[in-house]
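Excluded from the calculations below are hydrogen atoms, water molecules and symmetry mates; all remaining heavy atoms, backbone and side chain alike, are included.
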Amino acid sequence: MAAEDRLRTYHAKRDFERTREPADEGREAAGGGREPSAAQDAGGRGGGRPRFVVQIHDARRMHFDFRLQVGDVLKSWSVPRGPSADPGDKRLAVPTEDHPLAYEDFEGVIPKGQYGGGTVIVWDRGTYEPLSHDRQGRPVDFAGSLARGHATFRLHGAKLRGEYALTRFRGRDGEDAWLLVRKGAARRAGHGSPDPRRARSVRTGRTLAQVAADGGAR
């Protein structure tokens, strides 16, 4: 399926005359042209590995958006309590619509009245290694492992590092949901999720309050 088809829901929910969220794979360059997104330029920053990004989103409810590059889109989950570095924590991850690769760079204010209205910062980003294998130990296509409901991967971010797993389950309401878990032995002194109001952007060093005060500029 082409990216434009997988992004149909993303586009349908947004009015790009009002929101500064990316409508496609390019970004506005300083001279008014288009330049590749960070994800498109991943070969120079991650040796060709797929990208990931975690954004903190102060919308109607504060949450973290966890996104993994799968092919030509960012597969996305809303994680209410945020990803944790403590293997003892199991984080609910609710699937949302696919996003364009250029969304990795998005930090700013989504206008009130728009879908997801509120402030967004890029809390962490980097590359990841798919680790899923079949019972014979052979590597499994990452998109296929997600489709089957269980995928493991190693994050190489500025803040999140190590092996994680996403596992699908059927929620009480009958809808699919996922658990995001750090792999390894549980640690009593493990670091959990950050305080979203004190957390700083890995991209600009700003907090949510500072981005909101700046109107999202930068």
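Put simply, the side chain of Lys183 never gets that close to the backbone of Ala165: no donor and acceptor are under 3.5 Å apart. Between the side chain of Arg182 and the backbone N or O of Arg161 there is at least one donor-acceptor pair closer than 3.5 Å. Side-chain atoms of Tyr164 come within 3.5 Å of backbone atoms of Ser84 as a donor-acceptor pair (strictly under, hydrogens ignored). Judged by distance alone, with hydrogens and angles left aside, the side-chain atoms of Arg14 form a donor-acceptor pair with the main-chain N or O of Tyr10 at under 3.5 Å. Checked by atom type and distance alone, the side chain of Arg91 pairs as donor or acceptor with a backbone atom of Gly82 at under 3.5 Å. For Gln210 (side chain) and Thr207 (main-chain N/O), a donor-acceptor pair under 3.5 Å exists by modelled atom type. In this structure, the side chain of Asp124 engages the main chain of Leu160 through a donor-acceptor pair within 3.5 Å. With hydrogens and angles ignored, the 3.5 Å screen pairs a side-chain donor or acceptor of Ser132 with a backbone N or O of Thr152. With hydrogens and angles disregarded, no donor-acceptor distance shorter than 3.5 Å links the side chain of Arg125 to the backbone of Gln55. Within the 3.5 Å criterion, the main-chain N or O of Arg81 finds a donor-acceptor partner in the side chain of Ser193.
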Between His99 and Asp65, is the side chain to side chain contact (heavy atoms under 4.5 Å, CB included) condition met? List the steps. CA-CA 11 Å; His99 283 53; Asp65 289 310; over 6 Å; no
Residues Arg170, Asp176; criterion side chain to side chain contact (heavy atoms under 4.5 Å, CB included); working and verdict: CA-CA 5 Å; Arg170 186 61 58 88; Asp176 283 346; 3.0 Å; yes
Show the numbers, then the answer: is there a side chain to side chain contact (heavy atoms under 4.5 Å, CB included) between Leu208 and Met62? CA-CA 11 Å; Leu208 285 165; Met62 181 80 74; 3.8 Å; yes
Working for side chain to side chain contact (heavy atoms under 4.5 Å, CB included), residues Val122 and Glu104: CA-CA 8 Å; Val122 178; Glu104 178 192 334; 5.8 Å; no
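Salt bridge absent: Glu21 and Lys13 never bring a charged side-chain N and a carboxylate O closer than 4.0 Å.
Residue Trp178 holds its CH2 atom at 5.0 Å from CG of Leu146, rounded to the nearest 0.5 Å. For the atom pair CD of Glu107 and CZ of Arg20, the computed distance is 10.5 Å after rounding to the nearest 0.5 Å. Taking CZ of Arg200 as the reference point, atom CZ of Arg206 lies at 11.0 Å (rounded to 0.5 Å). If you take CD on Glu129 and CD on Glu163, they are separated by 9.5 Å, rounding to the nearest 0.5 Å.
In terms of heavy-atom proximity, Asp141 sits nearest to Arg148 at O-NH2, 4.5 Å. Closest heavy-atom contact between Ala199 and Ile121: O-CD1, 3.8 Å. When all heavy atoms are compared, the tightest approach of Leu74 to Val53 is CD1-CG1, 4.4 Å. The two residues His133 and Val140 come nearest to each other via the heavy atoms C-CG2, 3.4 Å. Scanning both residues, Gly108 and Val211, for their nearest heavy atoms gives CA-CG1, 3.8 Å. Annotation for Gly215 and Val109: closest pair C-CG2, 3.9 Å, computed over non-hydrogen atoms.
Applying the 6.0 Å contact sphere to CD of Glu17 captures no more than 12 heavy atoms from other residues, nucleotides or ligands.
Contact of the Arg51 side chain with the Leu101 side chain is not registered, since no non-hydrogen atoms from C-beta on lie closer than 4.5 Å. Proximity of Phe169 to Leu92: side-chain heavy atoms (C-beta onward) are separated by under 4.5 Å at one or more points. Proximity of Val181 to Pro87: side-chain heavy atoms (C-beta onward) are nowhere separated by under 4.5 Å. Counting heavy atoms from C-beta on, the side chains of Phe142 and Lys75 never come closer than 4.5 Å. The side-chain heavy atoms of Val120 and Ile110, taken from C-beta on, include a pair separated by under 4.5 Å.
One hydrophobic cluster holds both Ile56 and Leu155 under the rule that ILVMFWY side chains link at heavy-atom gaps under 4.5 Å. Under a hydrophobic clustering in which Ile, Leu, Val, Met, Phe, Trp and Tyr are joined whenever their side-chain heavy atoms come within less than 4.5 Å, directly or via other members, Phe64 and Leu68 fall into the same cluster. Val73 is connected to Phe16 through a chain of hydrophobic side-chain contacts under 4.5 Å among Ile, Leu, Val, Met, Phe, Trp and Tyr, so both are in one cluster.
In this structure, Phe66 and Phe52 have tilted ring planes: the angle between them lies in the 30° to 60° band. Ring geometry, Tyr128 versus Phe153: the interplanar angle exceeds 60°, so the pair is classed perpendicular (tilted spans 30 to 60°).
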